Visitor: 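Structure incoming, see below.
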Amino acid sequence: MGGVLVSRASPAAYGRIALGLVLLVAVLVWFLPSYYTGLLTQIGLYALVTIGLNLFMGYAGQVSLGQAAFVGIGAYTSAALAVKGHVTPWVGLIAGALVAALVAYILSFIALRLRENLLALATLALGIVINVVFNEWEFIGGSSGFKDIPGFALGTFTFDQRAYAILAWALVAIGIWFAGNVVRSSFGRALVAISAGELGAQTLGVDSERLKRQTFVLSAVYAGVAGAVYASSFSYIDPSSFSFLLSVNFVLMSVIGGIRSMWGAVIGAAVVVALGQVLQNVVPVVLPSARGDFQSFFLGVILIAMLILLPRGITSRLREARA
Amino acid sequence: MSAMSIPLTTTLEVRGVTVRFGGVIAVDDVTFTARTAEVLGVMGPNGAGKTTLFNVISGVQRPTSGEVSLGGTRLTGRGVEDVAALGVTRTFQTPVMFWGLTVRESVEVALAAREFGGTYPPAPWRELVRCGLGTPGRRRENAVLRERADAILTAAGIVAMAGRATESLAFGEERLLEMARALAVSPTVLLLDEPLSGLNPDEIEAVLASIRAARSSGVAVLLVEHAVGELLAVADRVVVLDHGRKIAEGSPQAVADDPLVIDAYIGDDASTGSA
């Protein structure tokens, strides 16, 4: 991971831009058709997961191919509480984050013993195992999942698509602000140190295992929060919503945007979601006989090309251009 | 072997340390002590086991038998960061740089560990939350860390490069930074693995000055160095290893005149002595 630029924007700048982003979304939702408002929510929730993943991948220098599982845990926790226990999703959101954190904490004792490729494989396997649990556990709906998940409400106001978009992006803003503070602090510097020279950092007293564990858990909190909002905003979840492919997408969003940039997470999520939409509309026009598989094919080709042309992500290229 | 005085100021004790890699014995039943405020040179031809010995002391390598202790506290069996927290730190033959950080930030990493009683982050989750929230208290601590980092860089004579990215450093600058970083944890014992190799004469002087300053502030410095002339000039005592065994120990003069030592160097690697 050596040589990857570290963002040096001040924490206050992070906060201001993040706030501006929320205001922009709050305005946009009044002009966008509801379909696009839904996409905006989706991009926001994916960006939130990717911000957490960037801390773990870009700063701690680790790889997780299992983030979708933590999104699922957040979603299922909140949905189960709301459907079975009539608990408000606001509490479900916190509970979802906590359960995802707890699971990540326990799993970290196994997963973080492994390095690099093996860690990637281990997190991939953990993601699949957790998905199997979603499928087989009848209490949480088994393979059919949860339907009619209650939505968020403030007083008598029940959230509509616009409100979800604003909520999602408010969470993105908080997520960017918090992560931006972390990477600018001693904690973030210690993370960069262990990803560049783990043994060297350890000989100075840096506890790399604890750093990685806390970062892994924090990334699961981001994913869990996103999952809880996802469940209520789409009002329906099943195990296939949190498959291994979604985890791969999160890694792609992270790498495409730039793994050491919080804005990269937003850009990466937007690019991957937008590309998927564009292809869905363009491919049938260009190749009328092509079926859905071709969209995935082209998405894959474009993403590979981007990884080759912009190996350090879009934001890294932007920063180089400005320097 | 010189007669040992009563070790009133013993800090680091290496007792009967043996390291086997398969059938190869890298370190063979080595015993010695290092005391506060002295420079202990560790000499030996290539493959004598010097770096393996440093790995054992710093917790990187677990010995097959024997143990290392510091002021009566057993170090063997502890993790590298715990050994560091107890006051033993080191540098590497090839400097380990924290790419992505500036020179000053690299020193701050070492200082942050020291700040929290040895290891970073401290046990509870409070530090992560404070950092994430950017609490005023945490920001004040950052300002203090920054000032102290600059003080350390000034003492090391490299404050001019405080704001530079570590990726941009020349090899000699990397060595100076690694040394400053190690001193930032206020070690009791400092292990230096060939700190002079690849340096120009000015840089050699700077490192030797840092070693002497560390010694006068009470640090036990263990020095592995191929430049035998410099090593003998700066060391107070010398331990000589050959094929993993300790073959001599004593004052630099006594060791330099020891026929066993001369034989080991001429027999194995005559060129080393001329460095």
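What you see is a predicted model, and the numbers here were worked out from it, not measured in a lab. Chain A is the first sequence line, chain B the second, and so forth, proteins listed ahead of strands; every chain is numbered from 1.
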Visitor: As an exercise, state the distance from CG of B:Leu128 to CG of A:Leu191, rounded to the nearest 0.5 Å.
Guide: 9.0 Å
Visitor: Between B:Phe98 and A:Val206, is there a side-chain heavy-atom distance shorter than 4.5 Å?
Guide: no
Visitor: Are the side chains of B:Thr119 and A:Arg210 in contact, using a 4.5 Å heavy-atom criterion?
Guide: yes
Visitor: If I measure from the heavy atoms of chain B, does A:Ala179 come under 4.5 Å with its side chain, its backbone, both, or neither?
Guide: neither
Visitor: Are A:Ser186 and B:Arg138 close enough that some pair of their side-chain heavy atoms sits under 4.5 Å apart?
Guide: yes
Visitor: Assess the residue pair A:Leu199 and B:Val60 against the criterion (side-chain contact (heavy atoms from CB on, under 4.5 Å)); give the C-alpha distance rounded to whole Å, side-chain angles, the decisive distance to 0.1 Å, and a yes or no.
Guide: CA-CA 8 Å; A:Leu199 187 56; B:Val60 176; 3.7 Å; yes
Visitor: What residues of residues 212-222 of chain A make heavy-atom contacts with chain B at a cutoff under 4.5 angstrom?
Guide: A:Arg213, A:Gln214, A:Val217, A:Leu218
Visitor: How many angstroms lie between atom CD of B:Glu178 and atom CG of A:Leu204, to the nearest 0.5 angstrom?
Guide: 8.5 Å
Visitor: Where do A:Gly200 and B:Phe92 come nearest, in terms of heavy atoms and distance?
Guide: CA-CE1, 3.9 Å
Visitor: Using 0.5 Å steps for rounding, measure from the CZ atom of A:Arg189 to the CG atom of B:Asn142.
Guide: 6.0 Å
Visitor: Where on B:Val129 is there a heavy atom nearer than 4.5 Å to chain A: the side chain, the backbone, both, or neither?
Guide: backbone
Visitor: Please classify the contact of B:Leu191 with chain A as side chain, backbone, both or neither, using a heavy-atom distance under 4.5 Å.
Guide: neither
Visitor: Based on non-hydrogen pairs under 4.5 Å, which of B:Pro187, B:Pro122, B:Gly79 is most in contact with chain A?
Guide: B:Pro122
Visitor: Taking the side chain as every heavy atom from C-beta outward, state whether B:Leu133 and A:Phe178 have any pair of such atoms under 4.5 Å apart.
Guide: yes
Visitor: State, yes or no, whether a side-chain contact exists between A:Leu211 and B:Pro121 at a heavy-atom distance under 4.5 Å.
Guide: yes
Visitor: So which residues of residues 80-91 of chain B are in contact with chain A at a heavy-atom cut-off of under 4.5 Å?
Guide: B:Val80, B:Glu81, B:Ala84, B:Val88, B:Thr89, B:Arg90
Visitor: As an exercise: rank B:Ala110, B:Cys131, B:Gly134, B:Ala113 by heavy-atom pairs under 4.5 Å with chain A and give me the winner.
Guide: B:Cys131
Visitor: More than 12 heavy atoms of other residues, nucleotides or ligands under 6.0 Å from CZ of B:Arg15: is that the case?
Guide: yes
Visitor: Could you tell me which portion of B:Ala112 (side chain, backbone, both or neither) has an atom closer than 4.5 angstrom to a non-hydrogen atom of chain A?
Guide: side chain
